[in-house]
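Taking it in order: structure first as C-alpha cells, then the write-up.
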Amino acid sequence: MRPHAAAAFAGTWHLLPEQCDYQLGHPPRSGHYRLACTEDGMLSISSEWFGKNGKRHRAAFGGRTDGVPYPFHDTPHADALSFESVSPTLLHSTTWHEGREVQWSERELVDGDTLVIRMRGHLSDGRSYTNVGVFRRQAD
C-alpha cells in the first residue's frame, strides 16, 4: 500500500513566532506541532505552546482525511471535525458546532521543511479572523 498523501505532513514542527501573523490574539512565544498519518489516511495531531504570558496550552485531535464531519466532544465550542487531503501539499480541516462551520484551517507544505497553518474563524459578533502560524520541521 502506498503512503497516504497527508503522510508528507508527518513529523514534529517547531513554531517560528517571529514569522506568525495573528489577527486575533498574539502568536505564542514558542510551541511545537506533531502530526502522524497512517497509510489509510487517519491523522493524529497534537500541539503544545506557550502563550505570550508564558502559560502552557495543549491540544490533541485527529480523524480521517475523507472530508466527512465526525463527532468531536473535547470542547464545548465544537461538536464535529472534518479533514480533507486536498493535495500532497494542502491539508484542510473544518470545525463544526451545531451544523455550522466555526473554524477552518489550511495546512500548507511550502517546502519539505516549512509548514504554514492558516486558521480562519468567526467571532460571536459575526466578524471573521485569520491567524497564520509558520513552522519548521524538526530533524529526526
Side-chain angles (χ1 to χ4, degrees):
M1 181 180 253
R2 72 181 186 95
H4 191 273
F9 292 83
T12 300
W13 301 86
H14 288 278
L15 182 70
L16 303 173
E18 67 282 357
Q19 294 185 28
C20 296
D21 181 18
Y22 274 44
Q23 292 178 346
L24 179 66
H26 300 281
R29 288 181 8 190
S30 65
H32 62 268
Y33 187 84
R34 289 187 182 97
L35 194 143
C37 181
T38 62
E39 289 182 352
D40 65 353
M42 186 66 159
L43 294 177
S44 173
I45 299 172
S46 65
S47 61
E48 180 178 65
W49 66 98
F50 291 88
K52 184 177 179 181
N53 63 1
K55 184 176 178 185
R56 175 195 264 177
H57 303 272
R58 293 182 181 167
F61 50 94
R64 296 209 169 279
T65 57
D66 58 8
V68 175
Y70 289 96
F72 180 72
H73 303 291
D74 290 356
T75 174
H77 306 291
D79 54 27
L81 291 175
S82 66
F83 296 91
E84 182 179 12
S85 181
V86 178
S87 76
T89 60
L90 287 177
L91 178 63
H92 291 174
S93 63
T94 304
T95 305
W96 307 87
H97 186 255
E98 297 177 352
R100 199 178 92 248
E101 179 183 307
V102 293
Q103 188 179 58
W104 180 82
S105 296
E106 175 182 79
R107 294 158 188 86
E108 178 184 9
L109 281 175
V110 176
D111 58 44
D113 293 324
T114 308
L115 173 66
V116 175
I117 302 176
R118 294 172 190 86
M119 294 182 297
R120 296 181 181 109
H122 306 283
L123 302 173
S124 59
D125 65 5
R127 291 181 298 143
S128 63
Y129 67 89
T130 301
N131 288 349
V132 180
V134 180
F135 296 79
R136 177 76 56 210
R137 187 186 297 272
Q138 175 181 317
D140 293 332

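The two residues Ser82 and Trp96 make their nearest non-hydrogen contact at OG-NE1, 3.4 Å. Between Arg107 and Phe9, the shortest heavy-atom distance links the atoms O-CE2, 3.5 Å. Contact detail for Leu15 and Cys20: the closest heavy-atom pair is CD1-SG, 3.5 Å. For Ala6 against Thr65, the heavy-atom pair with the smallest separation is CB-CG2, 4.4 Å. Nearest heavy atoms, Pro17 versus Pro27: O-CB, 4.4 Å.
Of the inter-residue distances, the one linking Arg58 atom CZ with Ser47 atom OG reads 10.5 Å to the nearest 0.5 angstrom. Taking CD of Glu106 as the reference point, atom CD of Glu84 lies at 11.5 Å (rounded to 0.5 Å). Atom CG of residue Asn131 and atom NE2 of residue His26 lie 11.0 Å apart, to the nearest 0.5 angstrom. Between Gln103 atom CD and Arg120 atom CZ the span is 11.0 Å, to the nearest 0.5 Å.
Contact of the Tyr22 side chain with the Pro28 side chain is registered, since non-hydrogen atoms from C-beta on lie closer than 4.5 Å. Here the side chains of Tyr33 and Ile117 are in contact, with some heavy-atom distance below 4.5 Å. Annotation: side chain of Leu24 is in contact with side chain of Leu123 (closest heavy-atom distance under 4.5 Å). Annotation: side chain of His77 is not in contact with side chain of His97 (no heavy-atom distance under 4.5 Å).
With 3.5 Å as the limit, one finds a donor-acceptor pair spanning the side chains of Gln138 and His14. Using a 3.5 Å distance cut-off with no hydrogens or angles, the side chains of Arg137 and Thr114 do not pair a donor with an acceptor.
Note on Trp49 and Met119: separate hydrophobic clusters, where clusters join Ile, Leu, Val, Met, Phe, Trp and Tyr whose side-chain heavy atoms are under 4.5 Å apart, directly or indirectly. The hydrophobic clustering, which links ILVMFWY residues whose side-chain heavy atoms are closer than 4.5 Å, places Tyr70 and Met42 apart. The hydrophobic cluster containing Leu91 also contains Leu109, counting ILVMFWY residues as joined when their side-chain heavy atoms lie under 4.5 angstrom apart, directly or transitively.
Under the 30°/60° scheme for interplanar angles, the aromatic rings of Phe72 and Phe61 are found to stand perpendicular.
In the hydrophobic clustering, Leu90 connects to Val86, either directly or through intervening members, whenever side-chain heavy atoms lie under 4.5 Å apart.
Atom NE2 of His122 sits in a crowded spot, with more than 12 heavy atoms from other residues, nucleotides or ligands closer than 6.0 Å.
A search for side-chain hydrogen bond (donor to acceptor under 3.5 Å, both in side chains) contacts involving Gln23 returns nothing, not counting sequence neighbours. Contacts of His32 classified as side-chain hydrogen bond (donor to acceptor under 3.5 Å, both in side chains), with partners at least two apart in sequence or in another chain: Arg34.
A side-chain contact (heavy atoms from CB on, under 4.5 Å) with Phe83 is found for one member of Val68, Ile45, Asp66, Thr94 and no other, namely Ile45.
Asp79 contributes a side-chain N or O that, together with a main-chain N or O of Glu98, makes up a donor-acceptor pair within less than 3.5 Å.
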